[in-house]
Amino acid sequence: QVQLVESGGGSVQAGGSLRLSCTTSGDTYLVNRMGWFRQAPGKEREGVASVYLGSTNTYYADSVKGRFTISQDNARNTLYLQMDSLKPEDTAVYYCAARTRGATVVAFAPLSQEYYNHWGQGTQVTVSS
């Protein structure tokens, strides 16, 4: 089993920045890809960014390209999401997700929630205009 705990959410004005962290524990050696998702009120959960651990293989949603950066600190088993130039439409609960070796075989879709089999509890990000 893998446990994920997000932190770093909060309230910020438009144009500001936040950095989210996701600390992993448990059978972390099984994790091969991680991602960030978000869910705004009344909307479906959407993929924001994804990275293959130990590589620079990353994917971003078009809505955040050039503003958000996903990174990892393998020594600390921590995933980050640096969010710059925040907009009110970025307001959502942000979730960290992990896919482990042995997960159900599905089509490769790094920004699809069905691709991941472990989830954190989420952290709220609120951007005011």
Side-chain angles (χ1 to χ4, degrees):
Q1 289 292 330
V2 175
Q3 293 78 44
L4 309 174
V5 179
E6 303 96 334
S7 61
S11 298
V12 65
Q13 290 191 327
S17 298
L18 281 174
R19 188 177 79 159
L20 304 182
S21 299
C22 173
T23 302
T24 62
S25 61
D27 297 329
T28 58
Y29 65 95
L30 292 174
V31 178
N32 53 27
R33 179 171 286 277
M34 296 189 71
W36 287 99
F37 288 74
R38 67 186 181 185
Q39 187 167 20
K43 294 188 177 181
E44 293 187 356
R45 189 173 299 186
E46 63 172 347
V48 174
S50 173
V51 64
Y52 189 83
L53 294 189
S55 80
T56 57
N57 180 281
T58 57
Y59 293 85
Y60 293 94
D62 288 342
S63 58
V64 306
K65 280 181 181 177
R67 300 189 299 121
F68 290 11
T69 303
I70 190 170
S71 63
Q72 56 194 297
D73 184 337
N74 292 329
R76 297 184 177 184
N77 290 328
T78 302
L79 182 75
Y80 301 102
L81 185 68
Q82 178 67 40
M83 305 186 294
D84 299 318
S85 303
L86 283 161
K87 305 176 181 180
E89 51 264 43
D90 294 318
T91 295
V93 177
Y94 283 71
Y95 298 90
C96 175
R99 177 177 173 86
T100 55
R101 289 194 295 270
T104 302
V105 176
V106 296
F108 181 67
L111 295 181
S112 171
Q113 58 180 325
E114 287 75 22
Y115 194 71
Y116 297 86
N117 56 337
H118 291 87
W119 292 87
Q121 83 289 348
T123 185
Q124 176 70 47
V125 171
T126 302
V127 184
S128 59
S129 58

(message) Using side-chain heavy atoms (C-beta onward) and a distance below 4.5 Å, is L4 in contact with Y95?
(response)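 Answer no - side chains too far apart.
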[X] versus [Y], closest heavy-atom pair with distance:
| X | Y | answer |
| --- | --- | --- |
| H118 | V2 | CD2-O, 3.3 Å |
| A109 | Y115 | O-CB, 3.2 Å |
| R38 | S63 | NH2-OG, 3.4 Å |

(message) Taking the six-membered ring of F37 as reference, does the cationic atom of R45 (NZ for Lys, CZ for Arg) lie under 6.0 Å from its centre and within 45° of its axis?
(response)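 That pair does not qualify as a cation-pi contact.
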(message) Nearest 0.5 Å, please: how far is OG in S50 from OH in Y116?
(response)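 Here the rounded value is 3.0 Å.
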Just by distance, do the side chain of [X] and the backbone of [Y] share a donor-acceptor pair under 3.5 Å?
| X | Y | value |
| --- | --- | --- |
| T58 | V51 | no |
| E6 | C96 | yes |
| N117 | T100 | yes |

(request) Have a look at M83 and tell me which of L20, T69, V12 forms a side chain to side chain contact (heavy atoms under 4.5 Å, CB included) with it. (result)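 Single side chain to side chain contact (heavy atoms under 4.5 Å, CB included) partner of M83 among L20, T69, V12: L20.
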(request) Sorted by first residue and then second, give each salt bridge (charged side-chain N to carboxylate O under 4.0 Å, His left out) pair with at least one member in residues 75-87; sequence neighbours left out. (result)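 Every pair satisfying salt bridge (charged side-chain N to carboxylate O under 4.0 Å, His left out) with a residue in residues 75-87: D73-R76.
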(message) Using the rule that Ile, Leu, Val, Met, Phe, Trp and Tyr join whenever any side-chain heavy atoms are under 4.5 Å apart, tell me whether Y60 and L53 fall into a single cluster.
(response)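 Both belong to a single hydrophobic cluster.
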